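Submitted below is the structure of interest, expressed as C-alpha coordinates.
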Amino acid sequence: MVARRAGAERGVALRLPARRLRAVYRRLLAAYGPQGWWPADDGPFEVMVGAVLTQNTAWSNVERAIANLRAAGALDAEVLARAPRERLARWIRPAGYFNVKARRLQAFCRFYVAAGGLRALDALPTPALRARLLDVHGIGPETADDMLLYAFGRPVFVVDAYTRRLLVRLGIASGDEPYDAIRLGFERALGPDVPLYNEYHALVVAHAKAHCRVRPRCAGCPLRRLCPSAKSP
DNA sequence: TTCCTGGGAA
DNA sequence: TTCCCGGGAA
(Lines give C-alpha, C1' and ligand atoms only; values in the text may rest on other atoms or scores of the structure.)
Protein backbone atom coordinates (compact mmCIF):
# COMPACT_ATOMS: atom_id res chain seq x y z
CA MET A 1 0.00 0.00 0.00
CA VAL A 2 2.56 2.52 1.07
CA ALA A 3 4.63 3.57 -1.92
CA ARG A 4 7.55 5.16 -0.17
CA ARG A 5 11.07 3.80 -0.43
CA ALA A 6 11.24 4.35 -4.14
CA GLY A 7 14.54 2.59 -4.75
CA ALA A 8 15.99 5.57 -6.52
CA GLU A 9 17.77 7.03 -3.53
CA ARG A 10 20.53 8.40 -5.71
CA GLY A 11 22.02 10.40 -2.91
CA VAL A 12 23.20 7.45 -0.87
CA ALA A 13 25.06 5.56 -3.60
CA LEU A 14 28.49 4.42 -2.54
CA ARG A 15 31.34 5.54 -4.77
CA LEU A 16 32.73 2.38 -6.35
CA PRO A 17 35.58 2.27 -8.89
CA ALA A 18 34.02 1.21 -12.18
CA ARG A 19 37.18 0.06 -13.92
CA ARG A 20 38.17 -2.06 -10.96
CA LEU A 21 34.74 -3.65 -10.73
CA ARG A 22 34.89 -4.50 -14.43
CA ALA A 23 38.35 -5.97 -14.05
CA VAL A 24 37.09 -8.10 -11.18
CA TYR A 25 34.21 -9.29 -13.33
CA ARG A 26 36.44 -10.22 -16.25
CA ARG A 27 38.72 -12.26 -14.03
CA LEU A 28 35.88 -14.01 -12.24
CA LEU A 29 34.21 -14.90 -15.53
CA ALA A 30 37.47 -16.19 -16.94
CA ALA A 31 38.10 -18.26 -13.82
CA TYR A 32 34.67 -19.75 -13.17
CA GLY A 33 32.83 -19.41 -16.47
CA PRO A 34 29.15 -18.51 -16.91
CA GLN A 35 27.18 -19.70 -13.88
CA GLY A 36 23.82 -20.13 -15.58
CA TRP A 37 21.79 -18.98 -12.62
CA TRP A 38 18.08 -19.47 -12.87
CA PRO A 39 17.95 -20.78 -16.44
CA ALA A 40 15.20 -19.57 -18.73
CA ASP A 41 13.20 -22.78 -18.46
CA ASP A 42 12.44 -21.96 -14.85
CA GLY A 43 9.46 -19.65 -15.09
CA PRO A 44 9.54 -16.32 -13.26
CA PHE A 45 7.24 -17.62 -10.56
CA GLU A 46 9.50 -20.56 -9.84
CA VAL A 47 12.44 -18.18 -9.63
CA MET A 48 10.58 -16.12 -7.05
CA VAL A 49 9.71 -19.19 -5.01
CA GLY A 50 13.37 -20.13 -5.11
CA ALA A 51 14.35 -16.66 -3.95
CA VAL A 52 12.30 -17.07 -0.77
CA LEU A 53 13.35 -20.65 -0.13
CA THR A 54 17.05 -19.98 -0.58
CA GLN A 55 17.26 -17.46 2.25
CA ASN A 56 20.27 -18.51 4.30
CA THR A 57 20.06 -21.93 2.71
CA ALA A 58 22.18 -24.04 0.36
CA TRP A 59 20.71 -24.12 -3.13
CA SER A 60 20.86 -27.90 -3.35
CA ASN A 61 18.32 -28.06 -0.54
CA VAL A 62 16.10 -25.52 -2.27
CA GLU A 63 16.03 -27.75 -5.34
CA ARG A 64 14.69 -30.59 -3.25
CA ALA A 65 11.96 -28.39 -1.88
CA ILE A 66 10.98 -27.13 -5.33
CA ALA A 67 10.94 -30.70 -6.62
CA ASN A 68 8.50 -31.57 -3.85
CA LEU A 69 6.27 -28.65 -4.79
CA ARG A 70 6.33 -29.65 -8.45
CA ALA A 71 5.57 -33.28 -7.70
CA ALA A 72 2.60 -32.16 -5.61
CA GLY A 73 1.35 -29.88 -8.38
CA ALA A 74 1.85 -27.01 -5.97
CA LEU A 75 4.30 -24.91 -7.93
CA ASP A 76 1.49 -22.47 -8.48
CA ALA A 77 0.60 -19.22 -6.73
CA GLU A 78 -3.12 -19.97 -6.29
CA VAL A 79 -2.44 -23.45 -4.96
CA LEU A 80 0.21 -22.25 -2.53
CA ALA A 81 -1.90 -19.30 -1.43
CA ARG A 82 -4.71 -21.64 -0.39
CA ALA A 83 -2.75 -24.65 0.85
CA PRO A 84 -2.79 -25.44 4.57
CA ARG A 85 0.31 -23.95 6.13
CA GLU A 86 1.27 -27.30 7.59
CA ARG A 87 1.19 -29.08 4.22
CA LEU A 88 3.22 -26.30 2.65
CA ALA A 89 5.78 -26.69 5.41
CA ARG A 90 6.00 -30.40 4.72
CA TRP A 91 6.67 -29.82 1.03
CA ILE A 92 9.46 -27.33 1.62
CA ARG A 93 11.00 -29.13 4.57
CA PRO A 94 14.36 -29.85 2.86
CA ALA A 95 14.99 -26.11 2.49
CA GLY A 96 15.15 -25.63 6.25
CA TYR A 97 13.35 -22.97 8.32
CA PHE A 98 10.26 -24.63 6.91
CA ASN A 99 7.76 -23.10 9.33
CA VAL A 100 9.13 -19.62 8.77
CA LYS A 101 9.35 -20.10 5.03
CA ALA A 102 5.90 -21.63 4.75
CA ARG A 103 4.52 -18.43 6.19
CA ARG A 104 6.72 -16.27 3.96
CA LEU A 105 5.97 -18.25 0.81
CA GLN A 106 2.27 -18.07 1.50
CA ALA A 107 2.44 -14.36 2.19
CA PHE A 108 4.23 -13.90 -1.10
CA CYS A 109 1.78 -16.06 -3.06
CA ARG A 110 -1.21 -14.22 -1.63
CA PHE A 111 0.38 -10.93 -2.56
CA TYR A 112 1.19 -12.28 -6.04
CA VAL A 113 -2.38 -13.41 -6.66
CA ALA A 114 -3.95 -10.29 -5.16
CA ALA A 115 -1.68 -8.07 -7.22
CA GLY A 116 -2.94 -9.69 -10.42
CA GLY A 117 -0.10 -12.08 -11.15
CA LEU A 118 2.97 -11.77 -13.29
CA ARG A 119 1.49 -9.52 -15.99
CA ALA A 120 0.24 -6.91 -13.58
CA LEU A 121 3.42 -6.88 -11.54
CA ASP A 122 5.64 -6.74 -14.59
CA ALA A 123 3.76 -3.67 -15.78
CA LEU A 124 5.06 -1.72 -12.79
CA PRO A 125 8.16 0.42 -13.03
CA THR A 126 11.07 -1.02 -11.10
CA PRO A 127 11.04 1.34 -8.09
CA ALA A 128 7.31 0.74 -7.55
CA LEU A 129 7.67 -3.01 -8.01
CA ARG A 130 10.57 -3.10 -5.57
CA ALA A 131 8.56 -1.20 -3.00
CA ARG A 132 5.64 -3.58 -3.40
CA LEU A 133 7.89 -6.59 -2.92
CA LEU A 134 9.53 -5.09 0.16
CA ASP A 135 6.11 -4.66 1.73
CA VAL A 136 5.53 -8.41 1.63
CA HIS A 137 6.26 -10.31 4.83
CA GLY A 138 9.48 -12.26 4.44
CA ILE A 139 10.85 -10.30 1.50
CA GLY A 140 13.81 -8.14 2.42
CA PRO A 141 16.18 -6.22 0.14
CA GLU A 142 18.20 -9.19 -1.05
CA THR A 143 15.21 -11.40 -1.79
CA ALA A 144 13.39 -8.54 -3.52
CA ASP A 145 16.41 -7.84 -5.69
CA ASP A 146 16.83 -11.53 -6.55
CA MET A 147 13.27 -11.42 -7.84
CA LEU A 148 13.71 -8.14 -9.66
CA LEU A 149 16.85 -9.27 -11.45
CA TYR A 150 16.32 -12.98 -12.03
CA ALA A 151 12.53 -13.14 -12.42
CA PHE A 152 11.61 -9.73 -13.81
CA GLY A 153 14.83 -9.02 -15.67
CA ARG A 154 15.21 -5.57 -14.10
CA PRO A 155 18.66 -3.96 -13.86
CA VAL A 156 18.99 -4.28 -10.09
CA PHE A 157 22.30 -5.40 -8.62
CA VAL A 158 21.97 -8.03 -5.91
CA VAL A 159 24.07 -7.47 -2.80
CA ASP A 160 24.73 -10.20 -0.28
CA ALA A 161 27.18 -11.07 2.48
CA TYR A 162 29.59 -12.42 -0.14
CA THR A 163 29.51 -9.14 -2.03
CA ARG A 164 30.31 -7.22 1.12
CA ARG A 165 33.15 -9.55 2.02
CA LEU A 166 34.65 -9.27 -1.44
CA LEU A 167 34.46 -5.47 -1.41
CA VAL A 168 36.10 -5.39 2.01
CA ARG A 169 38.92 -7.70 0.93
CA LEU A 170 39.45 -5.63 -2.19
CA GLY A 171 39.70 -2.53 -0.04
CA ILE A 172 36.73 -0.93 -1.77
CA ALA A 173 34.28 -0.78 1.13
CA SER A 174 34.22 -1.08 4.90
CA GLY A 175 31.42 -3.63 4.80
CA ASP A 176 29.02 -1.83 7.11
CA GLU A 177 27.51 0.40 4.44
CA PRO A 178 23.72 0.20 4.07
CA TYR A 179 22.42 -2.36 1.60
CA ASP A 180 21.09 0.21 -0.85
CA ALA A 181 24.29 2.21 -0.77
CA ILE A 182 26.21 -0.78 -2.08
CA ARG A 183 23.52 -1.77 -4.56
CA LEU A 184 23.32 1.75 -5.97
CA GLY A 185 27.10 1.93 -5.96
CA PHE A 186 27.32 -1.05 -8.31
CA GLU A 187 24.48 0.21 -10.44
CA ARG A 188 26.06 3.60 -10.87
CA ALA A 189 29.51 2.19 -11.56
CA LEU A 190 28.42 -0.44 -14.05
CA GLY A 191 25.39 1.17 -15.64
CA PRO A 192 22.11 -0.71 -16.16
CA ASP A 193 22.97 -4.13 -17.58
CA VAL A 194 20.79 -7.11 -16.71
CA PRO A 195 23.00 -9.87 -18.16
CA LEU A 196 26.04 -8.36 -16.43
CA TYR A 197 24.31 -8.11 -13.03
CA ASN A 198 22.95 -11.62 -13.43
CA GLU A 199 26.36 -13.13 -14.03
CA TYR A 200 28.24 -10.84 -11.68
CA HIS A 201 26.27 -11.79 -8.60
CA ALA A 202 26.46 -15.49 -9.43
CA LEU A 203 30.22 -15.22 -9.95
CA VAL A 204 30.67 -13.46 -6.62
CA VAL A 205 28.90 -16.35 -4.94
CA ALA A 206 31.06 -18.89 -6.75
CA HIS A 207 34.19 -16.96 -5.87
CA ALA A 208 33.24 -16.55 -2.21
CA LYS A 209 32.76 -20.28 -1.89
CA ALA A 210 35.94 -21.20 -3.74
CA HIS A 211 38.45 -18.62 -2.51
CA CYS A 212 37.09 -15.56 -0.73
CA ARG A 213 35.81 -17.49 2.26
CA VAL A 214 35.72 -16.33 5.87
CA ARG A 215 39.14 -17.91 6.06
CA PRO A 216 40.46 -16.84 2.67
CA ARG A 217 42.12 -19.32 0.35
CA CYS A 218 44.33 -16.95 -1.54
CA ALA A 219 46.34 -19.68 -3.25
CA GLY A 220 45.20 -19.74 -6.85
CA CYS A 221 42.77 -16.87 -6.34
CA PRO A 222 41.89 -15.29 -9.71
CA LEU A 223 41.73 -11.84 -8.07
CA ARG A 224 45.12 -12.15 -6.44
CA ARG A 225 46.74 -9.30 -8.32
CA LEU A 226 43.78 -6.99 -7.68
CA CYS A 227 43.52 -7.75 -3.98
CA PRO A 228 45.39 -5.88 -1.26
CA SER A 229 44.34 -8.54 1.26
CA ALA A 230 45.93 -11.41 -0.65
CA LYS A 231 48.21 -13.49 1.53
CA SER A 232 51.62 -14.12 0.10
CA PRO A 233 51.71 -17.83 -0.83
C1' DT B 1 31.22 -28.85 13.59
C1' DT B 2 30.43 -25.32 10.27
C1' DC B 3 28.04 -23.36 6.52
C1' DC B 4 24.48 -22.42 3.28
C1' DT B 5 22.41 -17.46 -3.17
C1' DG B 6 18.15 -13.54 5.23
C1' DG B 7 14.48 -11.54 7.47
C1' DG B 8 11.47 -10.65 11.37
C1' DA B 9 10.64 -10.05 16.13
C1' DA B 10 12.17 -9.16 20.74
C1' DT C 1 21.50 -5.04 18.60
C1' DT C 2 20.62 -9.78 19.38
C1' DC C 3 18.12 -13.89 18.81
C1' DC C 4 15.50 -17.24 16.33
C1' DC C 5 14.53 -20.38 12.66
C1' DG C 6 16.48 -25.94 10.54
C1' DG C 7 17.52 -29.53 7.23
C1' DG C 8 21.36 -31.30 4.47
C1' DA C 9 26.13 -31.71 3.10
C1' DA C 10 31.12 -31.04 3.77
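Just so it is clear: chains get the letters A, B, ... in the order the sequence lines come, proteins before strands, and each one is counted from 1. Just so it is clear, the structure is predicted and the values come from calculations on it, not from any experiment.
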side-chain contact (heavy atoms from CB on, under 4.5 Å) with A/Arg27: which residues, sequence neighbours excluded?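 For A/Arg27 the side-chain contact (heavy atoms from CB on, under 4.5 Å) partners, ignoring immediate neighbours, are A/Leu223, A/Arg225, A/Leu226.
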Closest nucleotide of DNA chain B for A/Ile139 versus for A/Lys209: which of these residues is on the 5' side?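 By nearest-heavy-atom nucleotide position, the 5'-most residue is A/Lys209.
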Assess, by modelled atom type and distance only, whether the side chains of A/Arg82 and A/Gln106 contain a donor and an acceptor separated by less than 3.5 Å.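 Note: A/Arg82 and A/Gln106 side chains miss the donor-acceptor criterion.
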How is the base pairing of DNA chain C summarised as a dot-bracket string, given the Watson-Crick and G-U wobble criteria with both distances under 3.5 Å, [ ] for crossing and | for another strand? |||||.||||
Where along residues 48-63 of chain A does a heavy atom come under 4.0 Å from DNA chain B, residue by residue in number order?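 When residues 48-63 of chain A is checked for heavy atoms under 4.0 Å from DNA chain B, the hits, listed by number, are A/Thr54, A/Gln55, A/Asn56, A/Thr57, A/Ala58, A/Trp59.
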Rounding to an integer number of Å, can you tell me how far A/Arg103 CZ sits from B/dA9 P?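 To the nearest whole Å, that distance equals 7 Å.
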Provide the distance between the two C1' atoms, one in C/dC5 and one in B/dC4, to the nearest whole Å.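 Those two atoms are separated by 14 Å.
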Looking at A/Asp146, A/Asp122, A/Asp193, which hits salt bridge (Lys or Arg N to Asp or Glu O under 4.0 Å) with A/Arg154?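 Considering A/Asp146, A/Asp122, A/Asp193, a salt bridge (Lys or Arg N to Asp or Glu O under 4.0 Å) with A/Arg154 is found only for A/Asp122.
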Please collect all side chain to side chain donor-acceptor pair (under 3.5 Å) contacts where either partner lies in residues 204-220 of chain A, sequence neighbours excluded, each pair once.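 Matches after skipping sequence neighbours: A/Tyr32-A/His207.
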According to side-chain contact (heavy atoms from CB on, under 4.5 Å), who are the partners of A/Ala58, at least two apart in sequence or on a separate chain?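 Scan of A/Ala58 (side-chain contact (heavy atoms from CB on, under 4.5 Å), adjacent residues dropped) gives A/Ser60, A/Asn61.
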Residues A/Arg70, A/Asp76: salt bridge by 4.0 Å N-O rule: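 Here A/Arg70 does not pair with A/Asp76 in a salt bridge, since their nearest N and O are not under 4.0 Å apart.
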Look at the rings of A/His201 and A/Tyr150 and say which category their plane angle falls in: under 30° parallel, 30 to 60° tilted, over 60° perpendicular.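 Answer is tilted, since the angle falls between 30° and 60°.
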C/dG6 to B/dT2 separation - C1' atoms, rounded to the nearest Å: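 About 14 Å, rounded to a whole number of Å.
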Expected output is a numbered-order residue list: members of residues 155-170 of chain A with a heavy atom under 4.0 Å from any atom of DNA chain B. What is it?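 By residue number: A/Tyr162.
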